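Everything numeric here is computed off the predicted structure, so don't read it as measured data. Just so it is clear: chains get the letters A, B, ... in the order the sequence lines come, proteins before strands, and each one is counted from 1.
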Protein chains: 2
Amino acid sequence: MDKFANMQAFALVGQTESFAEAARRLNLANSVVSKRIKDLEGYLGTQLLVRTTRKVTLTEAGYTYMEFVRKTLDELEEVEASLLYQTENPVGTIRISLPLSFGMQYLGAALSSYMEKYPDVNVKAYLSDRRVDLIEDGFDVALRLGALEDSSLVAKKLAHSRLVLCASPEYLQKYGRPQAPLDLREHNCLSYLNLAEGKAWPFMVDGKMIWQPISGRFASDNGDLLFQSAIEGSGLVLLPIFIVGEAVERGELEILLQDYERDDFNLYAVYQHTRHLSIKVRTLIDHLHSYFKDALTCALL
Amino acid sequence: MDKFANMQAFALVGQTESFAEAARRLNLANSVVSKRIKDLEGYLGTQLLVRTTRKVTLTEAGYTYMEFVRKTLDELEEVEASLLYQTENPVGTIRISLPLSFGMQYLGAALSSYMEKYPDVNVKAYLSDRRVDLIEDGFDVALRLGALEDSSLVAKKLAHSRLVLCASPEYLQKYGRPQAPLDLREHNCLSYLNLAEGKAWPFMVDGKMIWQPISGRFASDNGDLLFQSAIEGSGLVLLPIFIVGEAVERGELEILLQDYERDDFNLYAVYQHTRHLSIKVRTLIDHLHSYFKDALTCALL
DNA sequence: CAACATAATTCTAAAATATGGAATAATATA
DNA sequence: TATATTATTCCATATTTTAGAATTATGTTG
């Protein structure tokens, strides 16, 4: 028994005071409407309508039930419409996870322009270099830098960037300049704690990626700290170009082993694969995509 | 698509955060619950639940929808329960149509005791000798005296009474005493306007009912007025025993042609035949039935 | 870390249900 | 009284729903 269909039929019969008219409006056979009301009455154990072949009247129970049915059907319509609206016009709050340094530097502007464009969406941005569990921690999207592990999530590439090996001129003068990945064994490597890159660094050798084991006396889970440390001349760092770029331009750091650079260091938006991707997420990703493509090519490169 | 079944499944899945648990509680196969949610999402065009094989979480749209679904299902349950309650505990207002004189004389007590027994039922009693249209005029029950015309209504016999022919001793002395129905042709018959009895009176002759045409100079649609008239000696009347009884005992009227009395003059409760007779009507009829059986046999007889 | 247990989904045949249309009975209108 | 419309019932057909096995995914345990 489709209770909703029955209620709908009941509402129409009550309103039009006619089974035949209700059937016409529903594009159904009279017999169907008749049966639906009968089922409903049987289910409720109460007569809802008094009928002769010429007149249909609500019983007292029918009147009570009709009030409820009408209210419910109206609300249902309203809620469904609002859900539909929400699938077309982004509304609500979007939770996003961002890499720490990258987020601090670039996401402010990118997210402001998004929020300006979609005034009914609030954004909660959580900055962390931890690879959060989207589902577990309730994130709609995570932005991630670098290569991605396999997962059931969808990753959309937003921008290309570079992961560059750097050191200060002072350090290089003192300890020499590495000519190939293997030379890193001889150097103090400032390593990043959150990633695989903490123990070995990736390089391209003859088109293949190799992981060069590293060692060093200082490690941190904060890229900027490593960055500062490198400027002070304490060792080599492997950092995104957007962190070290300005220092390189100022001559405070030099880029090393550029020919061995891995070429798949990208910015990705990572999100759940769903049949019906929420419009909030879709618009945010589209926005970030065009934002980074148009505005930041130079900065990230 | 049974929207209610789907909503119910969705509510349970959201509550238990598990398709399997919801399926168990609904005594359904997992695949059914899965399909119901899928259908609902397809219909609404929105993802409602984010699921891995181990975790189920509401999306924002799902959360919005869940609030509505829970509220609606709760209300539905409540309304259905209240309808059920109404079928077990009479509640509401009952509209009843009563014969005028009879109602004035007997129904006060009968209805008071009913209302005392069922404090949640209000009674609206409309006194009239018109044969009202139950459906058209919105009556739950009508009490009727005498023989019934054929109709789609149900008639329950509540009590037996007598329709007696009377005249005052003075009148009989002056105009003679009828010995058979045919003799009425010679008499002034005070006729009742609302019924068939206005133009001919029924008598039993050799086990068959005959209608004896009558004529007279005074007619009314009010039995008591005819009654008063008869006491004054203005003619013959055919009235229920409960109207004339006391006057007969006092010697103010004499009963005539008692051997020709029709034997099917009953008090009936007339009501719509419905699959689910409302408890109000059922209890009222039961009450009146026992009331007239116990208390009024003598008075009506 | 491999084996295991449980979960959600998909697929398919079988069961359950809904549907339209003809027949029937009832009741207004002219 | 004849006519037209109505609500209901019945029944063959069409549609939908269901359960269960297979598949894929994901925690847990020894």
*How would you label the contact of A/V56 with the nucleic acid (heavy atoms, under 4.0 Å): base, sugar-phosphate, or nothing?*
sugar-phosphate
*Got a sec: does the NZ of B/K71 have more than 12 other heavy atoms crowding it under 6.0 Å?*
yes
*Rounded to the nearest angstrom, tell me the gap between atom NZ in A/K38 and atom C1' in C/dT19.*
14 Å
*Position toward the 5' end of DNA chain C (nearest nucleotide), B/A20 or A/L28*: B/A20
_Rounded distance (Å) that lies between atom P of D/dT6 and atom CZ of A/F19_ = 13 Å
*Using the ring of each side chain (for Trp, its six-membered ring), is A/Y126 parallel, tilted or perpendicular to A/F139, with breaks at 30° and 60°?*
perpendicular
*Starting from P on C/dT17, measure out to CZ on A/R36 and report it in whole angstrom.*
15 Å
*asked:* Using a 4.0 Å heavy-atom cut-off, does B/N6 contact any base of the nucleic acid, only the sugar-phosphate backbone, or nothing at all?
replied: nothing
*Salt bridge or not for B/K35 and B/D39, using N-O below 4.0 Å?*
yes
*NZ of A/K35 versus P of D/dT15: gap in Å, rounded?*
17 Å
*Main-chain N/O of A/I279 paired to A/T283 side chain as donor or acceptor, under 3.5 Å*: yes
_Separation of atom CD in A/E41 from atom C1' in D/dT8, rounded to whole Å_ = 12 Å
*Check every strand shown and say whether A/K55 touches a base, only sugar-phosphate, or nothing at a heavy-atom separation below 4.0 Å.*
nothing
_Distance check needed: C/dT9 P versus B/D39 CG, whole Å only._
12 Å
*Take B/N27 and A/R24, find for each the nucleotide of DNA chain D with the closest heavy atom, and name the residue whose nucleotide sits nearer the 5' end.*
A/R24
*A/F68 to B/T72 - nearest heavy-atom pair and separation*: CZ-O, 4.4 Å
Table of protein N/O atoms under 3.5 Å from nucleotides 20-24 of chain D N/O atoms:
{"unit_1": "D/dG20", "atom_1": "O6", "unit_2": "B/S31", "atom_2": "OG", "d": "2.8"}

*Note: A/R24-A/E21 ion pair, threshold 4.0 Å (strictly below)*: yes
*Any side-chain heavy-atom pair from B/L288 and B/L107 closer than 4.5 angstrom?*
yes
*Taking CD from B/Q47 and P from C/dA8, how many angstroms apart are they, rounded to a whole number?*
14 Å
*Is B/R51 near enough to C/dA7 that one of its side-chain N or O atoms lies under 4.0 angstrom from OP1 or OP2?*
no
_Integer-rounded Å distance: D/dT18 P and B/M1 CE_ = 13 Å
